[in-house]
Amino acid sequence: MSRNRYARRGFWKLIEHDEKMHTEYYKTLYCYLQCRYNAAVTAKKLFIHRSTFLNRLERIGELIQTDLEDFRSRLYLSVSFYILEEGKQ
């Protein structure tokens, strides 16, 4: 069974957008989750200004139609990233 079918649908929108527009939204969201939702730490790891990061995060939420402040959404995103990233190894 494909791991991809368990990932949140919005991921594919994010990946497609990154490829089409040469953005790094997938990487940004993944880093944000790894940094335990800390905007300052995430921005530092991505070598961008905090306000730039917050703008990206807002755009990501719009693209994947997800409230990134919602616990359940964050949990599902975290599990989806785990499934997708583990599949690469």
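Just so it is clear, the model here is predicted, and its values are computed rather than measured. Throughout, residue positions are numbered sequentially from 1 according to the sequence presented.
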Do you know the tightest heavy-atom contact between F11 and I64?
N-CG2, 4.4 Å
In chain order, what residues pass the side-chain hydrogen bond (donor to acceptor under 3.5 Å, both in side chains) check against Y26, with sequence neighbours excluded?
E85
With a 3.5 Å cut-off and sequence neighbours excluded, list the donor-acceptor pairs that the side chains of residues 39-53 form with protein atoms.
from, atom 1, to, atom 2, distance (Å)
T42, OG1, N38, O, 2.7
H49, ND1, S51, N, 3.1
H49, ND1, S51, OG, 2.9

Can you list the residues that meet the salt bridge (charged side-chain N to carboxylate O under 4.0 Å, His left out) rule with E69, with sequence neighbours excluded?
R74
With Y30, which residues qualify under ring-ring contact (aromatic ring centres under 6.0 Å, His included), at least two apart?
F81
Look up atom CZ in R56 and atom CG in L54, then write down how far apart they are to the nearest 0.5 Å.
11.0 Å
As an exercise, state the distance from CD1 of I15 to CG of L84, rounded to the nearest 0.5 Å.
6.5 Å
Can you tell me how far apart CD (Q65) and CD1 (I60) are? Round to the nearest 0.5 Å.
14.5 Å
L68 side chain near Y37 side chain, heavy-atom distance below 4.5 Å
no
All salt bridge (charged side-chain N to carboxylate O under 4.0 Å, His left out) counterparts of R59, not counting sequence neighbours
E62
Can you tell me how far apart NE2 (H22) and NZ (K20) are? Round to the nearest 0.5 Å.
11.0 Å
Working to the nearest 0.5 angstrom, can you tell me the gap between D67 CG and S73 OG?
6.0 Å
side-chain hydrogen bond (donor to acceptor under 3.5 Å, both in side chains) partners of D18, counting only residues at least two apart
T23
